[in-house]
Amino acid sequence: MEATIEVRGLRKRFGSTVAVDDLSFTVGPGRVTGFVGPNGAGKSTTMRMIMGLDRPDAGAALVGGRPYRSLRTPLCRLGAMLDASAVHPARRARDHLRWLAHANGLPARRVDEVIEQAGLGSAARRRAGGFSLGMRQRLGIAAALLGDPPVLMFDEPVNGLDPEGIAWIRGLLRSLAAEGRAVLVSSHLMSELEGGADHLLVIGRGRLIADTRVEDLLAAASDGRVELRTERRREAMTVLARAGATVTTSGSDALIVTGPTAERVIELLTGEGVAFSGISAHRASLEEAYMELTKDALEFQAVAGGEAR
Amino acid sequence: MTGGTGPALQAGRAVRAEWTKLRTLPSTAWLLLALAAVTVAVGAAVTGAVDTSHCVTPAGCREDTPKLALSGVRLGQVAAVVLGVVAVGGEYATGTISVTLAAVPRRWAVLAAKAAVVAGAVAVAGTAGVLGSLAAGRGILSGNGFTAANGYPPLSPLDGPTARAAAGTVLYLVLVALLALGAGTALRDQAGAVTAVLGALWLVPLVAGMVGDDAWRDRLDKYAPMSAGLAVQATRELDRLPIGPWAGLGVLAAYAAAALLAGAAVLAARDA
């Protein structure tokens, strides 16, 4: 059983809206793959098609080389949390996990193990209706882990969580990937994936905009830029611009310089007697890289404002 | 991780999952209790309101006492309808249908498993309600002049026609619950499905009562799910029924099968 998700030419239309448009990608083992795009970009629909919940108009999705709906014990192949609120409020958390275990012939001990792993503890005996969002997320994650699957998929798992919860999920995703599993995690905020994902699939209006390693993306976005601090901003900008550099401000006293190397910047500013400090090669944030990546996709920006799904 | 993966094993797991799901909702126990209790209570009340004093001679009443004692199912069936609808409608209302279909991707297997556990639960509660109704009726009837001396032997589930009426009534409740399950699956909306099923059960007899033409009234009684299905309760003058006891139950079974098929078709064709 390969730990992969393969999506080939996936297409889905709801009425006159094209939700997913000829989407192809592969999610590989041993890494966390971020699935990023604004709300309405088609992330959830793609995940639902991977699980056979929505039928694609064209294309196919394979989990470990097989269509999801042909799997006999799907929970042992792919674990997913698509919607943390999808639990019956009157049912106890443990019972929710128990019926899932029964559906795939999993032993009762797995229920106790995932309750432990997800940190549900004694709350597992309570009815899910009284759960906070954070507890529901933990229950959803426990359900995803139940079959000890090689492939995991989470739709907006950190949405609405407190920093502690976000850190916990990030650590969990990392450790699952470190065990060699394929982990696909969606978010509409690139910043949520900062430090959490190894690979990125960027999607806009149902189309794939980028399929890249996070490292490569950051390197490209940071390319040759120098960051420095100075109290004499105006003079520094004049000096550097005269030398052919492109300078942008960042915060009250920071400048980002594109063009000359750090050594040349030091030489120029020292030569003109402009005091500065904290000069370094600029490292783009994932958010910046994302903006850079998507700024040309005009139709993508047009859609970034609204749309529900 | 687990043993074989044959179709029987698959089906068994789906049934076990649905059973766990059904019994871990507090509403299930209440609905089953209501099903039995309302059937007994209403049956007893109706039976208690009838005595032989209004007849010229007690034997001349020609009262169908088993049918009288079992009349509580007309109201008790509401619980069966709600249980059938909620078993699937609750999944759409709470969004757990996606979780269910992720665990059991074969959609017809999910519906079949739901049908099995709903039928089983209703059969048990229905049997309790029917036996309770016969026991209550037995005590009440003899006090109201329906005695063996007057040609009314005490009610017994071992007596041929009464046994058929009793078993048929349990089957009636099971079929009504399955009809509701099918409607809930097809409509995906709990309020809508409960309304539709109760309408189909009660509206037609109501209309039939207002129809003047005998031939049309007979036709409505013959093909309406409730009046046809409850023909199975009759123990006297069977030749005067618009439809035979088992044939009538067959009509209801056809409605239930049609509803389940419609539900299965919708479940298979539509996105979850």
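It should be emphasised that the depicted structure is a prediction, and the values quoted were computed from it without experimental measurement. Throughout, protein chains are lettered first and strands after them, A, B, ... in sequence-line order, and every chain is numbered starting at 1.
A/Arg8 is linked by a side-chain hydrogen bond (donor to acceptor under 3.5 Å, both in side chains) to A/Thr26, counting only residues two or more places apart in sequence or in another chain.
Few gaps surround CD on A/Glu179; more than 12 heavy atoms of other groups in view lie less than 6.0 Å from it. Other residues, nucleotides and ligands place more than 12 heavy atoms under 6.0 Å from the CH2 atom of B/Trp246. Shown here is B/Tyr223, whose OH atom has no more than 12 heavy atoms of other residues, nucleotides or ligands within 6.0 Å.
The line from CZ of B/Arg16 to CH2 of A/Trp99 is 14.0 Å long, rounded to the nearest 0.5 Å. The line from OG1 of B/Thr24 to NE2 of A/His96 is 10.0 Å long, rounded to the nearest 0.5 Å.
The shortest non-hydrogen separation linking A/Arg48 to B/Ser98 is NH1-OG, 3.2 Å.
Residues of residues 195-206 of chain B lying under 4.5 angstrom from chain A, judged on non-hydrogen atoms, do not exist here. Interface with chain B: from residues 82-95 of chain A, residues A/Ser85, A/Ala86, A/Val87, A/His88, A/Pro89, A/Ala90, A/Arg91, A/Asp95 qualify, criterion being any non-hydrogen pair under 4.5 Å. Residues of residues 99-132 of chain B that come within less than 4.5 angstrom of chain A, heavy atom to heavy atom, are B/Val99, B/Thr100, B/Leu101, B/Ala102, B/Ala103, B/Val104, B/Pro105, B/Arg106, B/Arg107 in numerical order.
Looking only at heavy-atom pairs under 4.5 Å with chain A, the residue among B/Ser27, B/Ala272, B/Gly95 that has the most is B/Ala272. Options A/Ala101, A/Ser70, A/Ala103 differ in how many heavy-atom pairs under 4.5 Å they form with chain B, and the most are formed by A/Ala103. Contacts with chain A were tallied for B/Ala14, B/Pro26, B/Gly12; B/Pro26 has the most, counting heavy-atom pairs under 4.5 Å. When the candidates A/Met49, A/Arg127, A/Met51, A/Arg55 are compared by the number of heavy-atom contacts under 4.5 Å with chain B, A/Arg55 comes out ahead.
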Requested in this report: Decide yes or no on salt bridge (charged side-chain N to carboxylate O under 4.0 Å, His left out) for B/Arg270 and A/Asp54, but give the supporting numbers first.
Outcome: CA-CA 8 Å; B/Arg270 277 182 60 178; A/Asp54 287 0; over 6 Å; no
Query raised in the report: Hey, mind stepping through B/Arg13 and A/His102 against side chain to side chain contact (heavy atoms under 4.5 Å, CB included) and telling me if it holds?
Result: CA-CA 6 Å; B/Arg13 284 173 177 168; A/His102 290 159; over 6 Å; no
